Protein chains: 2
Amino acid sequence: MTVTYNPKRTIYADFGPRRLHADNINPSVKAAKYAVRGELAVRAEEYRVRLANGEKDLPFDSVIFANIGNPQQLDQKPITFFRQVLSLLENPALLEKPDVLSSAFGYPQDVVDRTKLLLDDVQSVGAYSHSQGAPMIRDSVARFIEERDGFPADPQDLYLCAGASSGVSTLMNIICHHPSAGVLVPIPQYPLYTATLSLLNAQCVPYHLEEEKAWGTNVRAIRESLAKAKAEGTDVRAIVVINPGNPTGASLSPEDIKDVLDVAAEEKLVVIADEVYQTNIFVGEFTSFKKRLRQLQQEVPDKYDHVELASLHSVSKGMVGECGHRGGYFELVGFDPLVAAQIYKSVSIMLCPPVIGQCLVELMVNPPLKGDASYALYSQEYNGIRDGLHKRALALYEAFKQMEGVECQEPQGAMYLFPSITLPAKAMEAAAAEGRTADEFYCLRLLDATGVCVVPGSGFGQKENTLHFRTTFLAPGTDWVDRIVKFHAEFMAEYK
Amino acid sequence: MTVTYNPKRTIYADFGPRRLHADNINPSVKAAKYAVRGELAVRAEEYRVRLANGEKDLPFDSVIFANIGNPQQLDQKPITFFRQVLSLLENPALLEKPDVLSSAFGYPQDVVDRTKLLLDDVQSVGAYSHSQGAPMIRDSVARFIEERDGFPADPQDLYLCAGASSGVSTLMNIICHHPSAGVLVPIPQYPLYTATLSLLNAQCVPYHLEEEKAWGTNVRAIRESLAKAKAEGTDVRAIVVINPGNPTGASLSPEDIKDVLDVAAEEKLVVIADEVYQTNIFVGEFTSFKKRLRQLQQEVPDKYDHVELASLHSVSKGMVGECGHRGGYFELVGFDPLVAAQIYKSVSIMLCPPVIGQCLVELMVNPPLKGDASYALYSQEYNGIRDGLHKRALALYEAFKQMEGVECQEPQGAMYLFPSITLPAKAMEAAAAEGRTADEFYCLRLLDATGVCVVPGSGFGQKENTLHFRTTFLAPGTDWVDRIVKFHAEFMAEYK
């Protein structure tokens, strides 16, 4: 990681001996890796600034941030209904204006009504809320879960959080009690999980997804990995499932979910279901872990009664794409109330999640319905984003199919493709000579040549002797896909 | 801490053996204490809900949340300029409306201009920003610091964060490398510090403030505490100073700050300056640690060159009072660039602070100036809040002066008073019989009788054989002060 410093600071450059050095700070922080915002992302940002400053010596005229699921950075427009409510929440004085509903300002009645309901609950978006989240917002989330799953949900079991990342951190902090604590994590995975486990000085117990079966979850791989970790003395306490998958896009069938819940029930593992891509599904339909668990609890006496499940959702993904607002929630199912009380205390130390982000969670789970003034526009925008994502995923997939040495699973969901790449021996040698992994070498060359920023598979984990990269399919247009195709052909020719 | 659960969950109540119990989760989480949102706050919220539901059997008709510095929960109005910009940032479509500047909607020109500048930088408040915060916002903060201190500030050294609490957590995570790591913390203190150290399984090294000298910082107490901790094998790495103080309200003179910097320079301690109350000053004026450090670096060769300082600020306090937006920043001074790079990596795992909160930081540090369309209203609102706080602080102080067994330092700043209370022996016995500290017993009785929620001194730390409570002076009106006076007289009579 390169961080450049402004020469101004050299006024006081000669600081002499300091207390903190890179080798005496918290070693758990040092050990944490987070490739999504690592060297490649920093270099891409440098290129962006150079282009913005009018520099002409780069071989591309724009940087494409395909390294991160950040839709509104890539021209995805926010959904109007959400933003209209948020703007009135910030400036409630508008509610008093006689013209607020006029066409001059275009605030529909349901926007005004919803704003008033939310303000009744939070009083001001500038006030701290309840540490678990504002009561009415948790009520709305509970209703959403009930309607989605057909099983009851209790607002007391819901914890709003500053994006799902913050929720994962809270949960891992409770679960990891000792350096021997271990958590099963799918490989490839979103690196938040390994980074959080590093910060907590706990063990990542990897289980490999099956690339040849569209990145499916193989319960045998889970059991083998678990047995091995236990034999090595790891106290495996939880299993992470990302459904639909990041970086793989794979979504789990009800049978797959049952397999995971079987292991959880038999081995007493807390299930952490990262379900932030639950609406990003192109093939089949989403089944939540909560729904499947409740079904099994009804169908099979006793076996699943003690399963502890935490399910996460977010405003950053789906068609909402409001990453910058840092909104999300998790639901606890089957947790000991005394453990839940400790979770409450731990989140209370940070006071509360951002209130405007909480309000956005409410809007996400309770969007306009048929008959509401905002319904037509909401549906049009929502479906437009969904169809656009699918179209771009397919275009990228078609391009990958035609590239030499590249194999890619058909897009199923989430916001990513994760193709494997087979590189010539000479390219592998050139990477080794630079002290880099071959996928990192490839991705850096891609960025330098085209301005397209993707993340090497090593940032997510991959089977030995395989190479991949992750790209989002959020960037508009097809020009950037053409850039990748052209670069790839030249790269393969160069190292043939 | 009592957490009540909805009977709905008893549908699945018989969970059998779970993985997580209160006695096998992370013991560091269990050990953390955070009184500001503890039992008293939970009970106060229950009373609030009962009153809202129309219950008539409580001996008061409103709950006064004087336990937490949450101004907009207590009817403080947000500053119009801030909220107008935020509402346009949420709904930029309004910028296209021909009437946006008309009196019908009341958006002044400088609000429109500022919104456009911020949008140029962040693109959308729904997009993730740079993990340190959006570049232009950090530029603004740097200019603010330069103007405040008369010394240069570098945007590269600034890290925006989700309120100062989150910044403290980031810094402590880097500093605390081992269970032997220790941090000097003033007593009484804001319990965020002890809670964060508990979570990191590190040592709190307490140093007592001098109540008899208006809660001043006594450098001899610091040195004694430090020597004792070192003798016990603690690796003391940092010192926290809260200036102006929470819960004490005390503000440090330039001489006091030099004393602290002397210890830091001599003993190689990282200085964590919690300066979130820097505009809440009634007596004297605020001097930042950064300014004093730069002065000393100019005046005295070498001695202070290696001092590492992190200074925090927030949108939650001051006259801004926008707690729910979770905005803040910290500035690193004199840190090793490799350590700074690790701090960058650690914040990048959570992607970025809330972008709308970042924009509010920009507005706080760069408010309307004379000649700007919003200046008159901004000044009027800002000064009104400031004067109101001072007036209420004095009214509360006058009341405390007249209460038997209560002693209080004259209000100097922040949002709190921290009077000491001397209770009759019989009250001490009654508290002991309930297994409570006497100050907790007193505060619970106060809440039950009056609906006024304050925090016992034990939540912040206090010298042995002394008792205190912390109250904010944010609540409007004087009725609640009268309630305290009346309760106190009755309590003293009851236990005489």
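In what follows, every heavy atom counts, from backbone to side chain, and hydrogens, waters and symmetry copies are set aside. Keep in mind the model is a prediction, meaning the values are calculated, not measured. Protein chains get the first letters and strands the later ones, always in sequence-line order, with residue 1 at the start of each.
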Non-hydrogen atoms of chain A under 4.5 Å away: do they reach the side chain of [X], the backbone, both or neither?
X: B:C176; value: backbone
X: B:N24; value: both
X: B:P353; value: backbone
X: B:L351; value: both
X: B:A162; value: neither
X: B:I343; value: neither

Counting only non-hydrogen atoms closer than 4.5 Å, does [X] touch chain B with its backbone (N, CA, C, O), its side chain (CB onward), both, or neither?
X: A:K30; result: both
X: A:S316; result: side chain
X: A:Q73; result: both
X: A:V347; result: neither
X: A:D302; result: neither

Partner residues of A:F65 under the ring-ring contact (aromatic ring centres under 6.0 Å, His included) criterion, sequence neighbours left out
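Expected list: none.
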Top contributor to chain B contacts, counting heavy-atom pairs under 4.5 Å, from [options]:
options: A:H177, A:M350, A:R83; answer: A:R83
options: A:L94, A:V168, A:D23; answer: A:L94
options: A:S129, A:P78, A:S346, A:P92; answer: A:S129
options: A:I175, A:L360, A:N173; answer: A:N173
options: A:L192, A:D99, A:V320; answer: A:D99
options: A:L74, A:N70, A:V85; answer: A:N70

Could you check whether any side-chain heavy atom of [X] comes within less than 4.5 Å of a side-chain heavy atom of [Y], counting everything from C-beta outward?
X: A:L20; Y: B:D336; result: no
X: B:P155; Y: B:P135; result: no
X: A:T80; Y: B:N91; result: no
X: A:E308; Y: A:V333; result: no
X: A:S165; Y: A:R326; result: yes
X: B:R19; Y: A:D235; result: yes

B:H130, B:K77, B:R237, B:Q358: which one forms the most heavy-atom pairs within less than 4.5 Å of chain A?
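Most heavy-atom pairs within the cutoff with chain A belong to B:R237.
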If you count heavy-atom pairs under 4.5 Å between each of B:H325, B:Q123, B:E322 and chain A, which one has the most?
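Most heavy-atom pairs under 4.5 Å with chain A: B:H325.
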Stepwise side-chain contact (heavy atoms from CB on, under 4.5 Å) test for B:I25 and A:I174:
CA-CA 6 Å; B:I25 57 169; A:I174 288 284; 3.8 Å; yes
Minimum heavy-atom separation for A:C323 to A:P71, with atom names?
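That would be SG-CD, 3.6 Å.
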Give me the atom names and distance for the closest heavy-atom approach of B:Y128 to B:C352.
CA-SG, 3.7 Å
Where do B:S87 and B:Y107 land on the side chain to side chain donor-acceptor pair (under 3.5 Å) test, with the steps shown first?
CA-CA 10 Å; B:S87 69; B:Y107 282 106; 2.6 Å; yes
For the backbone of A:G106 and the side chain of A:Q84, can you confirm whether one donor and one acceptor N or O come within less than 3.5 Å of each other?
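Yes: the side chain of A:Q84 pairs with the backbone of A:G106.
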